[in-house]
Student: 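A single structure is presented below for examination.
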Amino acid sequence: MSDNHTPYSPAQIEPKWQDYWRVNKTFKAIDCDYSRPKLYVLDMFPYPSGDGLHVGHPEGYTASDIWCRYKRMRGYNVLHAMGWDAFGLPAEQYAVRTGTHPAETTAKNVDTFRRQLESFGFSFDWDREINTTDPKYYKWTQWIFAKLYEKGLAYESKQPVNWCPELGTVLANEEVINGRSEVGNYPVIRKPMRQWVLKITEYAERLLAGIDDLDWPEGTKEMQKNWIGKSTGAELFFQVQDSEEQIKVYTTRPDTLFGATYMVLAPEHPLVDKLCASERKAAIRAYQEAAAAKSELDRSELNKDKTGEFIGAYAINPVNSQPIPIWISDYVLISYGSGAIMAVPAHDSRDFEFASKFGLPIKCILRPSEEDCQAAGLELADVLAGKACWEGEGELFDSANAEISINGLPVPEAKKKISDWLESKGIGKASVNYKLRDWLFSRQRYWGEPFPLVHYEDGSVGLVPEDELPVLLPELEDYKPTADGEPPLARAKQWLQYQHPTTGKRGLRETNTMPQWAGSCWYYLRYLDPHNDERGWDPEKEKYWMPVDLYIGGSEHAVLHLLYSRFWHMVLYDLGHVSHPEPWKRLIHQGMILGISYKDQRGVLVANDMVEHRDGKHFHKESGEELTMLPAKMSKSLKNVVNPDEIIERYGADAFRLYEMFMGPLTEVKPWNTDGVEGVYRFLHKAWRMIIDTQSGELAAEISDEAPGDEAERLLHQTIKKVSEDIESLSYNTAISQLMIYVNETSRSAKRNLEHMKTFVLLLSPLAPHIAEELWQRLGHKETLAYEPWPKYDESKLKVAEVEILVQINGKPRGRIMLPMEADKDEMISLVQKDEQIAKLLTGKNIIKSVAVPGRLVNIVVK
RNA sequence: GCCGGAGUGGCGGAAUGGCAGACGCGCUAGACUCAAAAUCUGGUAUCCGUAAGGGUGUGCGGGUUCGACUCCCGCCUCCGGUACCA
């Protein structure tokens, strides 16, 4: 037989089974099959970069694949598909440099990714493959945008935005890190530009409330909560002295109102010009201009040293009618709250810093307890004298006027009482604020979804009619922004011109494009019905498959993608297009896979090609200095990137999958070590030899129908139990370890039961599907094992008559004796005390207490 | 600073109140071989001891418990996120 490769040969059997699965559409998900429970397992789809897959991608994909294969054998109708998040900057930058159309680059990269993913044997339903850059896909991205627009959730705004000159585009706040672009690490400046913005803040409360019910990692839920950043407090009004104007402030500490000694407005606050005294105008103008010109980078660098200017006006503190000076400073942000604060330097560290620098009064009105003070390393006297800032709990004092007193109250009660009073006086009320800002949704790029919008000559803006979707990207010669800073689409002179089909109104198309997040916001819905040209997805299919039962992907998307997508989904839910308010029931993050790296004595990382290995030690090739090994993020510069293609070529996909799962718990960070692949590779060889005689290619001579012994039965049923439980809890590392134990034990035995071998192959199959299919076939089956029922274990087969019990005296192990399995606690204790060895150790001692744990141990406490 | 996660042999890790180090890598001794590879068998935390055996040991310091890697309190270190949000 030509394909009867006698030794284990992944290079032969893996392509064979990948072909089989493809040709037979083994993993086709059946829509609306109500005879079986459904299971929707989703992976975060990749951006198909020119570098191809790295070892991090297949980690999550392997984990979800094992889960899918296991669940199919458990009778589930599984939806598992793959696609491409293919709009993005690299293809566009490549286009700017070379003139190659991004679609061309993208298609090439997608082919590489598809080939690589297929080589892992993932059980995707490839008929559902999607691509966000396909007009048939982005037609519906545009459609969803239209729904948001119609619902009043999209608006234009001319605001200072994060402009990155190097990238030629604006970035969302989330894409700017310490004043530099997340992509490429280029400087970012603030520049006023016309933008499209989505009103995600309108959904802040519901997005926050929804988090509690999600089965997500606690840390991720916490991050989303912090990002939304809800705070409760009060807004109140300060009358400006000798003026009609009032200043609205937001505070979470209305209880400290009696300690407010000055006010600060953001430099951009609209009242600054109006209130500014004429002799202060020049200084204020200069400060405003400096603040406006500051890049994000400068602002964050200047964090430590506060700056500001007095505007020459005073406000009246409503509780004590004291005039307090009004300042401006960029430590107050125009975009949060009302852009103005009351400053309580005695009880807010930022205000304290500012007041100390500018010599403003610091008035303590809150007495902490001695203990709290000590715990914080402060002197109570300093706090009371305004020489130290106290932000914690305590008891209010000097906080009363003719109408109200909160003296003697602890902070929570004081907050409540003063808020009620402010409200009754009509000068304030309880209020809620969020850190979450509206979502800057446009980019000045070519390679993104065009907006289905037109700016008409009469100044109005409108959607194009739905039957004109998709609005296709025009062909361009040059992908750079225009000289006057317009996006690349402004170069498409013909495309730009628009005339409305019914009204005949003329206008110009929107030239911004959508950010990369747009396509990934709803891709899980398109998998449900990927070829539907009439609608984005069929409602019955949506009802059948949604919500996603398990979503696996990296924690780097904990806030952005996962929050934006929840927002869209909630809007679609409100509009009746989806049946659940939340898209993903359960979420898991795979841990990052690190590379091996080396550092010198100063801790500087050394690129791997500069390292020489001698006698198990590592030395710098040039300096000869001894280096220490450590795990570090894989990067081109450190030359420690592992290419999965090479691993598969050497060891096969099954070994690769097994190794990544065997490294440790799925969610932990783990260092890659190619030597470790040897171990699982040997295991696969050994499993092969357990079943196949490598001389003849027939089944191993040890295999027969003869009834298995009790030991063999127990081992098999233990293995079924352990592997089932571990796969169920995604603890693949320990499931593999149990399969290794099974093979080690069974290979030693001269008798192997045929049914046992079949069961073993089924247990192995989700983890290492190619070798399992091959062995299954050689064990006499014609069909794939993908839908074979998952093996069941028999509790009675696990029982043993006698079990070794540990005997402890005062908690120290002192002996082991065999006892009947079913002995109860009292029997165990008496049997143990009768044991000769133990009795000897107990002579002359007083037994105070004995503890027995059936099947485990007996502990005797003596004096 | 704040929030989250993690610290166990030479290395990856296992054990979530009951024999710490399963399983794997590496190392090591032996078998097979002319030899090597592959394979198989044994050993491999540490200290004392020839051995039998005993002591110590899960980042550090306390505590709860018959019993703690596991639970509680207080620290330290590393990793990830976030940062003037009033």
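Residue numbers begin at 1 in each chain, while the letters A, B, ... track the order of the sequences.
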Student: Ring centroids only, cut at 6.0 angstrom: are A:Y742 and A:F760 within range, meaning strictly under it?
Tutor: yes
Student: Can we say A:D215 and A:K221 salt-bridge, meaning some charged N sits less than 4.0 Å from an Asp/Glu carboxylate O?
Tutor: no
Student: Which part of the nucleic acid, if any, lies within reach of A:E678 when heavy atoms closer than 4.0 Å are counted: base, sugar-phosphate only, or nothing?
Tutor: nothing
Student: Write down the distance between OH (A:Y434) and C1' (B:rA86), rounded to a whole number of angstrom.
Tutor: 17 Å
Student: What is the separation between atom CG on A:L715 and atom P on B:rA22, rounded to the nearest whole Å?
Tutor: 18 Å
Student: At less than 4.0 Å, is any side-chain N or O atom of A:K812 found next to OP1 or OP2 of B:rU56? Yes or no.
Tutor: yes
Student: Between B:rA22 and B:rG42, how many Å separate the two P atoms, rounded to a whole number?
Tutor: 14 Å
Student: Closest nucleotide of RNA chain B for A:L806 versus for A:Q738: which of these residues is on the 5' side?
Tutor: A:L806
Student: How would you list, by chain and number, every residue that makes a ring pair (Phe, Tyr, Trp, His ring centres under 6.0 Å) with A:F354, sequence neighbours excluded?
Tutor: A:Y262, A:W327, A:Y331, A:F358
Student: Pairing check on B:rC71: which nucleotide meets the Watson-Crick or G-U wobble criteria with it, both distances under 3.5 Å?
Tutor: B:rG63
Student: If each of A:D675 and A:G339 is mapped to the nucleotide of RNA chain B with the nearest heavy atom, which maps nearer the 5' terminus, i.e. the 5' end?
Tutor: A:D675
Student: Strictly by Watson-Crick or wobble contacts shorter than 3.5 Å, is anything paired with B:rU46, and which nucleotide is it?
Tutor: B:rG55
Student: Mind checking the P distance from B:rU8 to B:rC3? Whole angstroms is fine.
Tutor: 24 Å
Student: Exactly one of A:I647, A:I596, A:N640, A:L594 should register a side-chain contact (heavy atoms from CB on, under 4.5 Å) with A:W672. Which one does?
Tutor: A:I647
Student: For A:Q224 and B:rC3, what is the distance between atoms CD and C1' respectively, to the nearest whole Å?
Tutor: 14 Å
Student: Could you tell me how far B:rG62 sits from B:rG10 if I compare only their P atoms? Round to whole Å.
Tutor: 24 Å
Student: To the nearest 0.5 Å, tell me how far A:M263 CE sits from A:I328 CD1.
Tutor: 13.5 Å
Student: Paired with B:rA29: which nucleotide, if any, by Watson-Crick or G-U wobble criteria at under 3.5 Å for both distances?
Tutor: B:rU41
Student: Enumerate all atom pairs, one protein N or O and one N or O from nucleotides 36-40 of chain B, separated by less than 3.5 Å.
Tutor:
unit_1: B:rU39; atom_1: O3'; unit_2: A:R689; atom_2: NH2; d: 3.3
unit_1: B:rC40; atom_1: OP1; unit_2: A:K686; atom_2: NZ; d: 3.3

Student: Is there a side-chain contact between A:W688 and A:T694, using heavy atoms and a 4.5 Å cut-off?
Tutor: yes
Student: So, is A:Y336 near the phosphate of B:rA86, with a side-chain N or O under 4.0 Å from OP1 or OP2?
Tutor: yes
Student: Identify whether any heavy atom of A:L857 sits under 4.0 Å from a base atom; if not, whether one sits that close to sugar-phosphate; answer base, sugar-phosphate or nothing.
Tutor: base
Student: Can you check the distance between B:rA68 and B:rC11, where both ends of the measurement are the C1' atom (answer in whole Å)?
Tutor: 26 Å
Student: Restricting to side chain to side chain donor-acceptor pair (under 3.5 Å), what partner residues turn up for A:K248, sequence neighbours left out?
Tutor: none
Student: As a test of the definition: with a 90° window around 0 for syn, would you call B:rG43 syn or anti?
Tutor: anti
Student: Grab the N/O contacts between the protein and nucleotides 12-15 of chain B below 3.5 Å, and write none if there aren't any.
Tutor:
unit_1: B:rG12; atom_1: O2'; unit_2: A:M663; atom_2: O; d: 2.7
unit_1: B:rA14; atom_1: OP1; unit_2: A:N733; atom_2: ND2; d: 2.9

Student: Rounded to the Å, how far apart are A:R814 CZ and B:rG18 C1'?
Tutor: 16 Å
Student: When rounded to the nearest 0.5 angstrom, what is the spacing between OG1 in A:T201 and CD1 in A:I228?
Tutor: 11.5 Å
Student: May I ask you to decide whether A:E660 forms a salt bridge with A:R657, counting only side-chain N to carboxylate O separations under 4.0 Å?
Tutor: no
Student: Please report the distance separating the C1' of B:rU16 from the corresponding atom of B:rU58, rounded so that it comes out in whole Å.
Tutor: 13 Å
Student: Under the side chain to side chain donor-acceptor pair (under 3.5 Å) rule, collect the residues that match up with A:T261, sequence neighbours excluded.
Tutor: none
Student: Need the pair for B:rG9. Rule: Watson-Crick or G-U wobble, both distances under 3.5 Å, any strand; none if unpaired.
Tutor: none
Student: Can you tell me how far apart CZ (A:R253) and CG (A:D348) are? Round to the nearest 0.5 Å.
Tutor: 9.0 Å
Student: Expressed as a whole number of Å, how far does the P atom of B:rG1 sit from that of B:rG55?
Tutor: 43 Å
Student: CD of A:E235 versus C1' of B:rA86: gap in Å, rounded?
Tutor: 14 Å
Student: Listing time: all N or O pairs from protein to nucleotides 64-73 of chain B that are below 3.5 Å?
Tutor:
unit_1: B:rC66; atom_1: OP1; unit_2: A:K849; atom_2: NZ; d: 3.2
unit_1: B:rC66; atom_1: O2'; unit_2: A:N859; atom_2: ND2; d: 3.2
unit_1: B:rC66; atom_1: O2; unit_2: A:N859; atom_2: ND2; d: 2.5

Student: If I take atom CD in residue A:E222 and atom C1' in nucleotide B:rA83, what distance separates them, rounded to the nearest angstrom?
Tutor: 16 Å
Student: Roughly, in whole Å, what's the span from NZ in A:K415 to C1' in B:rA86?
Tutor: 12 Å
Student: Are more than 12 heavy atoms from other residues, nucleotides or ligands located less than 6.0 Å from atom CZ of A:R650?
Tutor: no
Student: How many whole angstroms separate atom CG of A:D348 from atom C1' of B:rA83?
Tutor: 15 Å
Student: Scan every strand shown for a Watson-Crick or G-U wobble partner of B:rC2, both distances under 3.5 Å, and answer none if you come up empty.
Tutor: B:rG81
Student: B:rA86, B:rG24, B:rG18: which one has an atom nearest the side-chain heavy atoms of A:N744?
Tutor: B:rG24
Student: Quick check against the 3.5 Å criterion: does A:K670 have a side-chain atom that pairs as donor or acceptor with the backbone of A:M592?
Tutor: no
Student: Contact class for A:E804 (heavy atom, under 4.0 Å): base, sugar-phosphate, or nothing?
Tutor: base
Student: Quantified in whole Å, what is the C1' atom distance between nucleotide B:rC32 and nucleotide B:rC40?
Tutor: 8 Å
Student: Expressed as a whole number of Å, how far does the C1' atom of B:rG17 sit from that of B:rU70?
Tutor: 6 Å
Student: OP1, OP2 of B:rA86 versus side-chain N and O of A:S231: anything below 4.0 Å?
Tutor: yes
Student: Counting heavy atoms not belonging to A:K357, are there more than 12 under 6.0 Å from its NZ?
Tutor: yes
